[in-house]
Amino acid sequence: MPFTLATWNINSVRLRAPLVCKLLSEEAPDVLCLQECKSPVDKIPTEDFAALGYTHMIARGQKGYNGVAILSKRPIEDVGDQDFAALGHARHVAGRLEDGTVIHNFYVPAGGDVPDREVNVKFGQKLDYLTQMRDWFHAERPARSILVGDLNIAPREDDVWSHKQLLKVVSHTPVEVEHLNDAMQAGGWADVTRADIPEGQLYSWWSYRARDWDAADKGRRLDHVWATQDIAGAAHSSRILRPARGWDKPSDHAPVFATFDL
DNA sequence: ATGGTGGGAAACCCA
C-alpha cells in the first residue's frame, strides 16, 4: 500500500488549525507531522482533525513554544520522545504504525543569530542537540524508519538562495552542516527529498520579513524527510507544497511530502 | 550595519 507522509512547521497549531484542515482535505496524506505547535497537547484542536479522518494523534507540547505532533489516519503507537541536550523542550516524538514503520518527528533548535557557541548559548545547544542525535542513532541503529521535521539546517548549496551569502548565517554554516551530516550518517539515514529531486534549488521556508517572499524567493530548505536505507528505495513523488506559503495568514514554512510503497 | 514580520505570553521571549 502506498503511504504518503507530509511534514510542516505550522507556527501555532491553534491559530492555523484551518490551514491544517485545508491541507488534510486537499492533499490527504496518511500522516502529517507538525512542528512548532506552540500548544499544550490537551489544547490541540484534535476534533477538527478527527472530523477529516485523522482520528489518531501522538504529540508533545508545552505552553507557548516548540511542540510536535503526528496526525494519522491509521493507528499509531506512541514509542516515546528524546530530550537531546537536556533542554526540557518538546522537540521530538516517535510513533510506530501497525506495519512496524517508525516515524520520528523532530524540531531541532534554531540556534539563535550568532554562529559562535562562545558568545551564543543557543548555537552551542543546537550543535549539542545534533551531537546527541548522532550518538543516539549510532546506538539505536534504526531500521524501517522515517525521520522528518524542521531540522533548521539547509545542508546543500542548492538548499539556499545564496550559498556564499549564507555561509556565516545560522542554518547554513559549515559546522552545522557537518553536525547534521554526522547525525544522518550515524543512523544510516538517506535524504529522501534529495534522492527524489537531486537537481536545482529547493526551499521549504521563506522569511516573514521579506516584502514579497515569492518574488524575492530568498528561501532555505530547512524541512526534511529522511528514511533508513532499507526503505529509502521505496520512496518516490517527493514535493514541496510551495503554494501553502501563500495561503491566508500562512506559516513561514511550506509542507514537504513523500510517498513510500511499503 | 540594520531592520524588516510573525506567534504567544504577559508586559518580553522566540523564530
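Here is how names work: the chains are called A, B, and so on, in the same order as the sequence lines, proteins then strands, and each is numbered from 1. Atoms considered below: every heavy atom in the structure, side chains included; atoms not considered: hydrogens, waters and symmetry mates.
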B/S/- along nucleotides 3-11 of chain B (protein heavy atoms under 4.0 Å) is -BBSBSS--
Starting from A:V192, can I reach A:F106 by hopping between I/L/V/M/F/W/Y residues whose side chains sit under 4.5 Å apart? no
Using the P atom as the reference point in each nucleotide, state the distance between B:dA10 and B:dG6 in Å, no decimals. 23 Å
Atom pair distance, as rounded to whole Å: CZ in A:F123 and P in B:dC14: 17 Å
Same-atom distance (P) from B:dA15 to B:dA9, integer angstrom: 15 Å
Report the hydrophobic cluster partners of A:L15, with the cluster defined as I, L, V, M, F, W, Y residues connected by side-chain heavy atoms closer than 4.5 angstrom, directly or transitively. none
By the rule that ILVMFWY residues connect when side-chain heavy atoms come within less than 4.5 angstrom, directly or transitively, which residues belong alongside A:L222? A:W205
A:L222 CG - B:dA15 C1' separation (whole Å): 11 Å
Around atom CD of A:Q229, are there more than 12 heavy atoms from other residues, nucleotides or ligands closer than 6.0 Å? yes
Aromatic centroids of A:W189 and A:F137 separated by under 6.0 Å: yes
Nearest whole angstrom, please: distance from the C1' of B:dC14 to the CG of A:D150. 13 Å
With ring pair (Phe, Tyr, Trp, His ring centres under 6.0 Å) as the test, pick out the partner of A:W213 among A:Y203, A:W206, A:W161. A:W206
